[in-house]
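One structure is given below, encoded as structure tokens.
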Amino acid sequence: KLMKKITFIFALMSYVSFAQQYTYVDFGINTNTTSGNWNNVAVVNAASASGITLALIDDAGASTGVTLTVDDAFNTVNTGGNAAPDPSLPFPSSAAADSFFGNTVVFQSATEPTGGFTLTGLDPTKYYSFSIFASRNSVSDNREAIYTVAGSSASVGALNASNNTMNTATVMNIQPNGSNAIVFTAAPGPNNNNSSGFYYLGAIEMITSDAPLSVESVNLISKLNVFPNPISDRFEVKLFLNETSNLKIEMFDINGRLVQSLLNEEKPAGDFSYVWERNSAKNTQLSAGTYILEVTANNKKTTSKLIIK
């Protein structure tokens, strides 16, 4: 049974806790990596997907201090994924079109009933949430994977990669274990009926937050992107609206006080961008410091921390 498509809207308990950091990882072949501030865990075709270590950056290109190590081998790479994922997802074609895979029956002289990685150097005070995508085109069986994410506690998500274009698995609010690590393991799910037990791991969005995130599957706003950040003279807000929405953009100080209302209008479904410029009359009074940008669509909120220099 396919999971319903979920778009994530993150609402935290207090304005002080609104900081979120986004990190993106593409698992696949070394000839189809994802450009920009993506972390590519890539191998050559038919090579065992194991023993890879990568220092992760966030979506602004800054070091996260986190290291990803593939310490539970996958078989190799699948290049038969869907190259046209749903545009509301944060995964581009290059990330969706390939993946790592494992198997429970011998394939290419190997059996890999589980595959996974360990994240180290995590902040024990933070919460880590994962959106997981994988796809395998032109198949008629069920290739469900179970993703277990274990830190101080463990949680599980499931995803059938067969002909997938829009579904994701989600695992929310995992804190690191006593070694400041989280262990991620993929394996065939109970509904997997492929004769080789094929399962896949294609791409991950990892969100780091100061407080637990709540998920509302209201299908309104896809990932909020604000850049550059820190800010000198201007920043741009980009997002995707899945339906016509009353869109409001506001800035708060770290004590939760409203300091500026930037937008309050109805906007159509699709891509949207807003540019803030410091040299405009109403913006020159903002002093350097940390602010919270809050974006609300039909009363559903998502936020981002802003640093003005």
Side-chain angles (χ1 to χ4, degrees), residues 3-27 37-39 41 54 56-60 62 64-68 85-86 88-91 95 116-134 145-159 166-177 180-186 201-226 239-240 242 292-295 300-305:
M3 295 177 63
K4 292 183 178 179
K5 171 184 159 188
I6 297 178
T7 300
F8 303 102
I9 310 300
F10 300 109
L12 303 187
M13 299 302 292
S14 69
Y15 287 108
V16 176
S17 299
F18 270 155
Q20 296 171 21
Q21 181 184 53
Y22 293 83
T23 303
Y24 293 93
V25 186
D26 178 8
F27 300 88
N37 295 320
W38 272 72
N39 301 277
V41 183
L54 189 65
L56 300 183
I57 60 171
D58 66 16
D59 66 344
T64 63
V66 176
T67 298
L68 183 154
D86 190 279
S88 68
L89 296 178
F91 306 114
F117 58 85
T118 299
L119 299 171
T120 55
L122 299 169
D123 186 334
T125 69
K126 304 289 187 183
Y127 295 81
Y128 296 85
S129 298
F130 301 84
S131 175
I132 307 152
F133 182 86
I146 290 290
Y147 306 105
T148 302
V149 185
S152 61
S153 61
S155 188
V156 173
L159 177 68
M166 66 172 65
N167 299 304
T168 58
T170 63
V171 178
M172 303 295 296
N173 301 320
I174 303 297
Q175 289 195 284
N177 61 24
N180 295 335
I182 287 176
V183 178
F184 184 106
T185 305
L201 174 62
I204 288 178
E205 176 187 61
M206 181 176 77
I207 302 159
T208 307
S209 59
D210 295 334
L213 301 176
S214 62
V215 181
E216 299 177 60
S217 55
V218 293
N219 295 327
L220 286 177
I221 303 177
S222 292
K223 188 186 83 71
L224 173 67
N225 190 13
V226 181
L239 51 87
F240 186 93
N242 291 337
I292 302 302
L293 184 76
E294 182 177 277
V295 179
K300 305 301 181 181
K301 299 177 182 179
T302 185
T303 60
S304 180
K305 181 173 71 174

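Note that the numbering runs from 1 along the sequence shown for the chain.
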Report task. Calculate, to the nearest 0.5 Å, the distance between atoms CZ and OG1 belonging to Phe184 and Thr148 respectively. Result -> 8.5 Å
Report task. Check Asp210, Asn173, Thr208 against Lys126 for a side-chain hydrogen bond (donor to acceptor under 3.5 Å, both in side chains) and give me the one that passes. Result -> Asp210
Report summary line: In this structure, OG of Ser152 is separated from CD1 of Ile182 (nearest 0.5 Å) by 8.0 Å
Report summary line: Exactly one candidate in Leu56, Thr64, Thr23 meets side-chain contact (heavy atoms from CB on, under 4.5 Å) with Leu119; the answer is Leu56
Query raised in the report: Say you draw a straight line from OG of Ser129 to CD1 of Ile174; how long is it, rounded to the nearest 0.5 Å?
Result: 8.0 Å
Query raised in the report: What about the rings of Phe130 and Tyr147, do their centers lie closer together than 6.0 Å?
Result: no
Query raised in the report: What are the two closest heavy atoms between Gly157 and Ala169, and how far apart are they?
Result: C-CB, 4.0 Å
Report task. Apply side chain to side chain contact (heavy atoms under 4.5 Å, CB included) to the pair Asn39 and Leu68, showing each step before the final yes or no. Result -> CA-CA 10 Å; Asn39 301 277; Leu68 183 154; over 6 Å; no
Query raised in the report: So, does Tyr24 use its side chain to make a donor-acceptor pair with the main chain of Ala203 at under 3.5 Å?
Result: no
**Report entry** Nearest heavy-atom neighbours spanning Ile204 and Ile132
**Finding:** CG1-CG1, 4.2 Å
Query raised in the report: Tyr128 versus Val171: any side-chain heavy-atom pair under 4.5 Å?
Result: no
**Report entry** Asp59 side, atom CG; Glu205 side, atom CD - distance, nearest 0.5 Å
**Finding:** 9.0 Å
Query raised in the report: Which distance, rounded to the nearest 0.5 Å, do you find between the CG of Asn180 and the OG1 of Thr120?
Result: 9.5 Å
Report task. Tell me, with the steps shown, if Phe91 and Asp26 meet side chain to side chain contact (heavy atoms under 4.5 Å, CB included). Result -> CA-CA 9 Å; Phe91 306 114; Asp26 178 8; over 6 Å; no
**Report entry** Heavy-atom pair of closest approach, residues Thr118 and Ala181
**Finding:** CG2-CB, 4.2 Å
Query raised in the report: How many angstroms lie between atom CG of Asp86 and atom CZ of Phe133, to the nearest 0.5 angstrom?
Result: 9.0 Å
